[in-house]
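One structure is given here, and the rest of the page talks about it.
Lettering of chains follows the sequences in order, A, B, ..., and the numbering in each one begins at 1.
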2 protein chains.
Amino acid sequence: MPEPRRITSADVARRAGVSRATVSYVLNATPGQSISPATRSRVLEAAAGLGYAPSAAARTLRTGRSDVVLCLLPDWPIGNEVGNLLGNLSTELARAGLTFVAHPGSRADRPIAEIWKAITPAAVLSFSDFSDGETEAMRAAGVALVVALLGRAGRHGRELEVPQQLIGRRQAEHLCGAGHRRLGYAYPDDPRLQIFAEPRLSGVRAFGEPVVRTVPLDAGPAADAVARWCADGVTGICAYNDEVALAVLAGARRLGPGAPAGLAVIGVDDIPAARLAVPPLTTVTTDQRMLAVHLATTVVAAVGGRTGPPLPTDDLIRVVVRESA
Amino acid sequence: MPEPRRITSADVARRAGVSRATVSYVLNATPGQSISPATRSRVLEAAAGLGYAPSAAARTLRTGRSDVVLCLLPDWPIGNEVGNLLGNLSTELARAGLTFVAHPGSRADRPIAEIWKAITPAAVLSFSDFSDGETEAMRAAGVALVVALLGRAGRHGRELEVPQQLIGRRQAEHLCGAGHRRLGYAYPDDPRLQIFAEPRLSGVRAFGEPVVRTVPLDAGPAADAVARWCADGVTGICAYNDEVALAVLAGARRLGPGAPAGLAVIGVDDIPAARLAVPPLTTVTTDQRMLAVHLATTVVAAVGGRTGPPLPTDDLIRVVVRESA
DNA sequence: CTGTTAGCGCGTTCAC
DNA sequence: GTGAACGCGCTAACAG
C-alpha cells in the first residue's frame, strides 16, 4: 500500500498557485493582511478540493498552544451529574472550536505536569485546587486559563466556583420553610468528598447550626445516626447528596414505623434513583446546562485573553419537591 | 516579566557539551546506538539539572503520533461504573507511559474526525461502533488501534467486546437457579441504551424467552408493567440495570402488598442506591479493575504493534446477592 | 565504536 | 503577496 501522504498546506499552495504563506493567511483570515478576493477563493477552493486539514501538532508546535481544553477529574467517584456537566461543557466549547477532553485518575498515579505536558492545552480546569507552583508552571508553559472549579474562593482571582454554599442554603431554606426548627446534616463517609461537603454544610449553617453526623452508605449505621438525630429533636435532614439521603431513608425505615414518622430528608443531585425511592426523595438540582454555558464562556474568554462574565446564580439551583420533605 | 523560554534539547546538548542527536539517543535509549557511559551520564545529568522535558508537540509532529489514548464517550448518560472503568484504565495506561483522556459529547456536536485530528492519538477507543470510513481514515492517519468496546463482535477483528451477553446470562442463571421458570426482561426506556441492552437481553434468552417490556424510570408506568408481568405468570425479572430494577421495585410497591409478594428482581451495576433500596437489590457487577487491566494491556500491545491476550471472562462478572432475588 | 551533521515534519509570521 | 526562518525532536547518513 502506497503510504497515503498527508495533505499539507504546501499541496494547497501548489494547487492554488500561491505561496504557503498566502494559504495560511487566507485560511486563518489573518487580520492585517490584504488578499484579493480572487486569490482568496482559489485558495479556499484548492483546500476544499484536496480535503486539506491542518496538522494540529505542527500548529501546536508553532503557536505553543493547542485548541484542547483539559479537565482534570477528581479521584472520587464521579456520578451522572458531573458526566452531564462534562457533556454540556464539551458541546459548548466545540461551538467555539475548542476540543474538550477529560483526564480521569488521581494525581497520585502521575504528577499532574505529565498530563498537561502531553496535551499542551489552551486551558486547564480542575475540580480540586492547584498548588501555586503548579499554577505558575502551567502559566509559564503558555496555558491560558487555569481554574479550580472548587477550592478557596478568589484564590487566584479566577475561580469558577460552583456555588456549593448555595446548594446547602437552598436545602435548609426548604426545610425551614416547611417549619423544621432543628436540622441535621448527613455528612458523606468518603473523606475525598470533603471538598464539596464543607461549602455545602456552611450553606446550611446560614440557617442555624445543624447537628452534623457522618452517614455511611449502609442502612445499619445510618439507622444509628437517625436514632440519635431523633433523640436530639432533629426533624429535618439535609443530606450531602442523594445517595447519602437514600441511606438516611433506609436507616429511618430500619428503625421501624415508630420514630421517623415526621423526619424530612432532602438530597442533592436528583439522581434517577431519587424519584424511585421510598418515599420519593425531595432534592436540589443544579442546572448543569446553564453552568456549562457559563464555564464555556469563561474559558473561551480567557483563551482569548479576556475576562468572562460573572456566574448568574439565580435560577441555577432549584428544589425538586417530592415526598420526603 | 522575561518570557521564560522553554528548555529544549539544544540546551541540554550545550550544557553536556554534545550534539542534540546524542541527547536524543541517550534520552530515548535508542537501540543500535552506542554511547559511552561517561557521555551518557553527562547528558542525563544536564537534562535533570535543567529540568528538561521534551516538547510533546514537536515529538508528535515528527513521529506522527502522540502518546495520548483517546476514548470517545457515548452520548447516553454515563454512570459511576463507567467512570470507574475510565479511572482504572487511566491508571493502567499511565503505567505504560500513555496519557488517557476521554471526550464526552455526541458525534452530533462535532464530526468525530475533528476530535482525533486535534489530538493525534496513539489509539482510539469508543463505546459505539465506527463506520468503516472512519476506521480507515484513522488508520491512514497513523492511529495504531481503533476499537469499539461494543458493537458487532469481530467486526474489525479487534473488538474489545465487553461480554454484555454474559451479564444477561448471569442474571437469568441466578433467577432460574432460584426456581423461577417464567422470566421477564425490563428493557430501558432510553433508545440510546439499546446497544447495551440487546446483547444483555440475548444473554437472558439463553435460558428461555423472557417476556420483554420497556420500563421507564417512573413508578406509575412501571407498576403497569409489573401488573402485566404478574398476569403473564412471570415471577422473576432481569432488569437492564439497577435503575430500571429500582423502577420495577417501585412499580411493584405501588401495586400494594398483594400481587408482587414473590416477584424476584435482579439488576446490573451495583450502584450505591442498590443496597439501600426496598428491598435491597440483588444485582450483577463487572470487575471494572480487571476489565481496565485487560483493555490497557490490549492498547499497549497494539501501540507496540503486537496483539493482546484474550479477555479472561471467568470471575469478571459476579452476582451480588441481596434480598430482591 | 562514538558521536556529528543535516534535513525532515508542517504551519505561522516577520521582513521585503 | 512572497521568501525564509522558526518552533523542537527524530533519525539516516556519515566522519573520526
Exercise. With a 4.0 Å cut-off on heavy atoms, is B:Leu61 in touch with a base, just the backbone sugar-phosphate, or nothing at all?
Worked result: base
For this session: Look at all strands and tell whether B:Ser9 reaches a base, only sugar-phosphate, or nothing, counting heavy atoms closer than 4.0 Å.
Result: sugar-phosphate
Problem set entry | With sequence neighbours excluded, residues passing side chain to side chain contact (heavy atoms under 4.5 Å, CB included) with A:Arg62 | none
Problem set entry | Point-to-point distance, once rounded to the nearest 0.5 Å, from CG of B:Asn88 to CG of B:Leu295 | 10.0 Å
For this session: Whole angstrom is fine here: how far is it from CG in B:Asp67 over to P in D:dC10?
Result: 12 Å
Under 3.5 Å, which donor-acceptor pairs link side chains of residues 116-125 of chain A to any protein atom two or more places apart or in another chain?
none

For this session: May I have the distance from A:Ile7 (atom CD1) to C:dC10 (atom P), rounded to whole angstrom?
Result: 11 Å
Exercise. So which pairs with a foot in residues 20-35 of chain A pass side chain to side chain donor-acceptor pair (under 3.5 Å), sequence neighbours left out?
Worked result: A:Ser19-A:Thr22, A:Ser24-A:Asn28, A:Asn28-A:Arg59
Exercise. For B:Glu81, which residues count as a salt bridge (charged side-chain N to carboxylate O under 4.0 Å, His left out) partner, sequence neighbours excluded?
Worked result: none
Exercise. Any side-chain heavy atom of B:Asn80 within less than 4.5 Å of one from A:Ile78?
Worked result: no
Exercise. So what does A:Val23 touch, heavy atoms closer than 4.0 Å: a base, only the sugar-phosphate, or nothing?
Worked result: nothing
For this session: Would you mind reading off the distance between A:Lys117 atom NZ and D:dC8 atom P, rounded to a whole angstrom?
Result: 14 Å
For this session: Not counting sequence neighbours, which residues clear salt bridge (charged side-chain N to carboxylate O under 4.0 Å, His left out) with A:Arg65? List them please.
Result: none
Exercise. So what's the dot-bracket for DNA chain D: Watson-Crick or G-U pairs under 3.5 Å, [ ] if a pair crosses, | if it pairs off-strand?
Worked result: .|||||||||||||||
For this session: List in chain and number order the residues that pass salt bridge (charged side-chain N to carboxylate O under 4.0 Å, His left out) with B:Asp190, two or more places apart in sequence or in another chain; answer none if no residue qualifies.
Result: B:Arg192
Exercise. If you look only at pairs with a residue in residues 85-103 of chain A, which of them pass as a salt bridge (Lys or Arg N to Asp or Glu O under 4.0 Å), with sequence neighbours excluded?
Worked result: A:Glu92-A:Arg95, A:Glu92-A:Arg289
Problem set entry | Partners meeting side chain to side chain donor-acceptor pair (under 3.5 Å) with A:Ser55 (sequence neighbours left out) | none
Any protein N or O atoms within reach of nucleotides 13-16 of chain C? Criterion: under 3.5 Å, listing atom names and distances.
from: C:dC14; atom 1: N4; to: A:Tyr25; atom 2: OH; distance (Å): 2.6

For this session: With heavy atoms under 4.0 Å as the rule, sort A:Ile35 into base, sugar-phosphate or nothing.
Result: sugar-phosphate
Seminar exercise, completed: Sorted by chain and residue number, the salt bridge (charged side-chain N to carboxylate O under 4.0 Å, His left out) partners of B:Glu114 (sequence neighbours excluded) come out as B:Arg110
For this session: May I ask you to list the residues of residues 36-60 of chain B, by number, that have any heavy atom positioned under 4.0 Å from an atom of DNA chain D?
Result: B:Tyr52, B:Pro54, B:Ser55, B:Ala58, B:Arg59
